[in-house]
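What follows is one structure encoded as structure tokens, with my remarks underneath.
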Amino acid sequence: MLKRFAYKIVYKIINDNMLMRRIVRRDIKRKKYFKGTALAFYLWPVKNSITPDEKITAYLTMAFKNYYDELQDLLRVAKVESFELTRTGAAYDGGYILLDDFHEGGIAYSFGISSDVSWDKDMASRGYDVFMYDHTIENLPEENSRFHWQKLGIADGKTQDERLKTLEELISRNHHENEKNMILKMDVEGAEWGFFQSVNPEVLKQFAQMTFEFHSVNSPENPEQVLKVFRKINKTHQLIHIHANNNGNYVSIGGKKFCSLFELTYVLRDKYSFSENYDVNLPLSIDAPNITDYPEIELGRWNEQVKIDDSVIEAIKTI
């Protein structure tokens, strides 16, 4: 049924352009219904003046309402009492926002290195031993006495590869089973979804802070999987910051921008106290665009609830 509705939208919007239709149908055939439909809107030459008929509006409401309604609730940002946020790592891409609560002799786990160790260097300068993992590189671009790198990646629960290990396996290898208040950073190009599906919540509790780059939040292949992941995180951790990576796109619903690339920072619920009714206006002054040549994606007053009952996709913009 979902596929049929997606096809109807594609034909309705771009039925006079075979090339466009074939491009979008490629995504739909891969069961990427959200992506395919969004792409149809983007490709339509008069995308900024969309006037969908009742059938299209009904489909959009059905397909997106429940997903974005719950996503808003799951991604509400809270302010931590008695602590401030700080930037760690590079001034631009490769930098992440964390709570300014660090401890000499601490332990950090870093997944996804590539050619950038700015975050790892920053954590090392704060007294942390950094256990670093990336199976796609041959060596670190820079060495440090506090770096502990292995050519391994995080298991996503689907890919069979001896180079991929679960977080539990890596913690056991490093004899960190009894460690608390560790810090976790992960940017693994989409493998985070599979990781969160399989990770034990008790293992997550070993991390006082966690920061991730989440991919395809606004056009997931499996929307329910995305919601399950955020539900799971929220049981143990509280979201304290959200930043839109401007190397992706966003959909605007009711004025609220849901991005394809979100950088999210969490802290352990049991460790901190939180202020109520946080009227946050994003991005913060300590945020920075990932791509310096592009402007920041302004998220505005993120915690304001948007009524999605009758809304449709207003715009799809690639920065």
Side-chain angles (χ1 to χ4, degrees), residues 64 66-89 93 95-102 119 183-187 192-193 196 201 204-205 207-218 220 223 226-290 295-308 311:
F64 290 96
N66 292 339
Y67 176 70
Y68 285 111
D69 266 344
E70 184 168 359
L71 194 62
Q72 286 188 95
D73 292 331
L74 293 172
L75 295 182
R76 286 184 63 81
V77 175
K79 181 176 176 57
V80 182
E81 294 182 349
S82 305
F83 291 94
E84 298 298 325
L85 299 177
T86 188
R87 188 172 188 85
T88 55
D93 196 37
Y96 298 88
I97 304 301
L98 288 175
L99 196 68
D100 194 0
D101 184 22
F102 305 104
W119 185 85
I183 294 177
L184 173 62
K185 183 271 288 182
M186 185 177 291
D187 181 0
E192 66 275 5
W193 300 113
F196 271 112
L204 292 182
K205 287 182 180 180
F207 295 91
Q209 300 195 55
M210 307 189 301
T211 184
F212 306 92
E213 182 167 281
F214 281 96
H215 300 74
S216 303
V217 176
N218 67 359
V226 173
L227 296 177
K228 282 182 178 179
V229 163
F230 288 134
R231 291 175 200 139
K232 185 174 187 176
I233 301 173
N234 283 4
K235 288 180 180 179
T236 57
H237 289 73
Q238 170 63 51
L239 182 65
I240 63 167
H241 185 65
I242 184 167
H243 177 253
N245 185 327
N246 67 346
N247 195 31
N249 56 43
Y250 64 80
V251 296
S252 178
I253 301 179
K256 177 168 285 193
K257 297 168 184 172
F258 294 90
C259 300
S260 60
L261 297 175
F262 268 144
E263 296 166 349
L264 306 182
T265 301
Y266 290 86
V267 296
L268 190 63
R269 287 183 181 274
D270 293 344
K271 182 176 172 63
Y272 299 99
S273 298
F274 306 95
S275 302
E276 296 182 1
N277 302 319
Y278 183 30
D279 185 24
V280 63
N281 192 4
L282 299 172
L284 302 178
S285 60
I286 56 175
D287 281 313
N290 295 69
E296 280 273 48
I297 297 176
E298 303 282 341
L299 296 179
R301 300 195 178 281
W302 180 254
N303 283 342
E304 287 187 356
Q305 201 77 1
V306 170
K307 189 173 189 279
I308 303 179
S311 69

Which is it for Ile297 and Cys259 under the side chain to side chain contact (heavy atoms under 4.5 Å, CB included) test, yes or no, and what are the steps along the way?
CA-CA 9 Å; Ile297 297 176; Cys259 300; 4.0 Å; yes

Decide yes or no on side chain to side chain contact (heavy atoms under 4.5 Å, CB included) for Ile233 and Met210, but give the supporting numbers first.
CA-CA 10 Å; Ile233 301 173; Met210 307 189 301; 4.2 Å; yes

Does a side-chain heavy-atom distance below 4.5 Å link [X] with [Y]?
{"X": "Phe83", "Y": "Val267", "result": "no"}
{"X": "Thr211", "Y": "Ile97", "result": "no"}
{"X": "Val226", "Y": "Phe214", "result": "no"}
{"X": "Lys205", "Y": "Lys235", "result": "no"}
{"X": "Leu227", "Y": "Val229", "result": "no"}
{"X": "Leu74", "Y": "Asn234", "result": "yes"}

If only atom types and distance count, is the side chain of [X] paired as donor or acceptor with the main-chain N or O of [Y] below 3.5 Å?
{"X": "Arg87", "Y": "Ile286", "result": "yes"}
{"X": "Ser216", "Y": "Ser260", "result": "no"}
{"X": "Thr88", "Y": "Tyr96", "result": "yes"}
{"X": "Trp302", "Y": "Leu75", "result": "yes"}
{"X": "Lys185", "Y": "Phe212", "result": "no"}

For the residue pair [X] and [Y], confirm or rule out a side-chain donor-acceptor distance under 3.5 Å.
{"X": "His237", "Y": "Gln209", "answer": "no"}
{"X": "Glu263", "Y": "Asn290", "answer": "yes"}
{"X": "Asp101", "Y": "Tyr272", "answer": "yes"}
{"X": "Asn303", "Y": "Asp279", "answer": "no"}
{"X": "Gln305", "Y": "Asp73", "answer": "yes"}

Would you say the ring centroid of Phe196 lies under 6.0 angstrom from that of Phe230?
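Not close enough - the centres of the two rings lie 6.0 Å or further apart.
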
Between Tyr250 and Phe258, does the ring centre distance come in under 6.0 Å?
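No, the ring centres sit 6.0 Å or more apart.
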
Looking at every non-hydrogen atom in both residues, tell me the closest pair between [X] and [Y] and how far apart they are.
{"X": "Pro283", "Y": "Glu296", "value": "CB-OE2, 3.9 Å"}
{"X": "Ile240", "Y": "Phe274", "value": "CG2-CE2, 4.2 Å"}
{"X": "Glu213", "Y": "Leu261", "value": "OE2-CD2, 4.3 Å"}
{"X": "Ile253", "Y": "Val306", "value": "O-CG1, 3.6 Å"}
{"X": "Asn247", "Y": "Asn245", "value": "N-OD1, 2.8 Å"}
{"X": "Pro201", "Y": "Lys232", "value": "CG-CE, 3.9 Å"}

What distance separates [X] [atom1] from [Y] [atom2], expressed to the nearest 0.5 Å?
{"X": "Asn246", "Y": "Glu298", "atom1": "CG", "atom2": "CD", "value": "10.5 Å"}
{"X": "Ile183", "Y": "Phe207", "atom1": "CD1", "atom2": "CZ", "value": "10.0 Å"}
{"X": "Asp187", "Y": "Glu192", "atom1": "CG", "atom2": "CD", "value": "7.5 Å"}
{"X": "Phe262", "Y": "Leu239", "atom1": "CZ", "atom2": "CG", "value": "10.0 Å"}
{"X": "Asn218", "Y": "His215", "atom1": "CG", "atom2": "NE2", "value": "12.0 Å"}
{"X": "Asp100", "Y": "Thr86", "atom1": "CG", "atom2": "OG1", "value": "5.0 Å"}

Identify the residue among Arg231, Arg76, Lys228 that makes a salt bridge (Lys or Arg N to Asp or Glu O under 4.0 Å) with Glu70.
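Of the listed options, the one satisfying the test is Arg231.
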
Count the heavy atoms belonging to other residues, nucleotides or ligands that lie under 6.0 Å from CD of Glu81, then report whether that count exceeds 12.
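Check passes, neighbour count above 12.
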
Single hit among Leu99, Leu264, Thr265 for side chain to side chain contact (heavy atoms under 4.5 Å, CB included) with His241:
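Exactly one candidate clears the test, Thr265.
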
Pair Leu71, Val217 - check side chain to side chain contact (heavy atoms under 4.5 Å, CB included), show working.
CA-CA 9 Å; Leu71 194 62; Val217 176; 3.9 Å; yes

